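Values below: all heavy atoms of this structure, side chains included; hydrogens, waters and symmetry mates excluded. None of the values given here were measured: they were computed from a predicted structure.
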Amino acid sequence: MTTTLTHYHLSAEPLSDGQSPAIVLTQQAGIDEPHAVLVHPWQLRAVCEQFSIIASDPQASKTIGTLQRRMVALRERIDHLADWMAKHSHHAHADLSYETTQLQALQDLAGEWCADFDSEQAGPVVQSDTTQAQCTSAPAAQASLL
């Protein structure tokens, strides 16, 4: 299957000769005949980094990974709380409709924010034990999010 990206009158198409990957860049509009350039992915990345189109800062990558891991952990805790509210809360004894609505909104937001995370980039996520209630101090609980 070939994936072709076309934007701004430029198409980019992957090409492999069996030895190394390549990208064919073809300018399509504004000229009589299309011009094509064959580049290695590392060459294209180096050009983009040189002109600050993309960044290759290792600290930025680490920070992004940390934030993704924390967002996934937060989403899982929200999902766990929503599940508990739906199955185990005492709706018959108290009106929890406002709390349930707010929790569902948080669940939707967390799901949306984490929807595009690649599972490899997010790294391992802290799993909470759903079989028993756990009481931990705030610093311990915060550390488990890291």
Before giving the answer on side-chain contact (heavy atoms from CB on, under 4.5 Å), spell out for Thr66 and Arg70 the whole-Å C-alpha distance, their side-chain angles and the decisive distance to 0.1 Å. CA-CA 6 Å; Thr66 299; Arg70 289 175 180 172; 3.5 Å; yes
How far apart are the closest heavy atoms of Ile23 and Ala12, and which atoms are they? CG2-CB, 4.2 Å
In this structure, CD of Glu99 is separated from CD of Gln102 (nearest 0.5 Å) by 8.5 Å
Give a yes or no on whether Leu67 and Phe117 share a hydrophobic cluster (residues Ile, Leu, Val, Met, Phe, Trp, Tyr; joining criterion: side-chain heavy atoms under 4.5 Å apart). no
Are Leu74 and Trp84 connected, step by step, through hydrophobic side chains (Ile, Leu, Val, Met, Phe, Trp, Tyr) whose heavy atoms are closer than 4.5 Å? yes
ILVMFWY network linking Val39 to Leu15, side-chain heavy atoms under 4.5 angstrom: no
Nearest 0.5 Å please: distance from the CG atom of Asp83 over to the CD atom of Gln107. 9.0 Å
For residues Pro41 and Pro21, report the shortest heavy-atom separation together with the two atoms involved. CD-O, 3.5 Å
Do Arg77 and Leu81 have side chains that approach each other closer than 4.5 Å (heavy atoms only, starting at C-beta)? no
Taking the side chain as every heavy atom from C-beta outward, state whether Leu25 and Leu44 have any pair of such atoms under 4.5 Å apart. yes
To the closest 0.5 Å, what do you measure between CG (Leu109) and CD (Gln104)? 12.5 Å
Look up atom CG in Leu38 and atom OG1 in Thr26, then write down how far apart they are to the nearest 0.5 Å. 10.0 Å
Heavy-atom distance under 4.5 Å between the side chains of Asp79 and Arg75, does that happen here? yes
Do you know the tightest heavy-atom contact between Ala82 and Leu103? CA-CD2, 3.3 Å
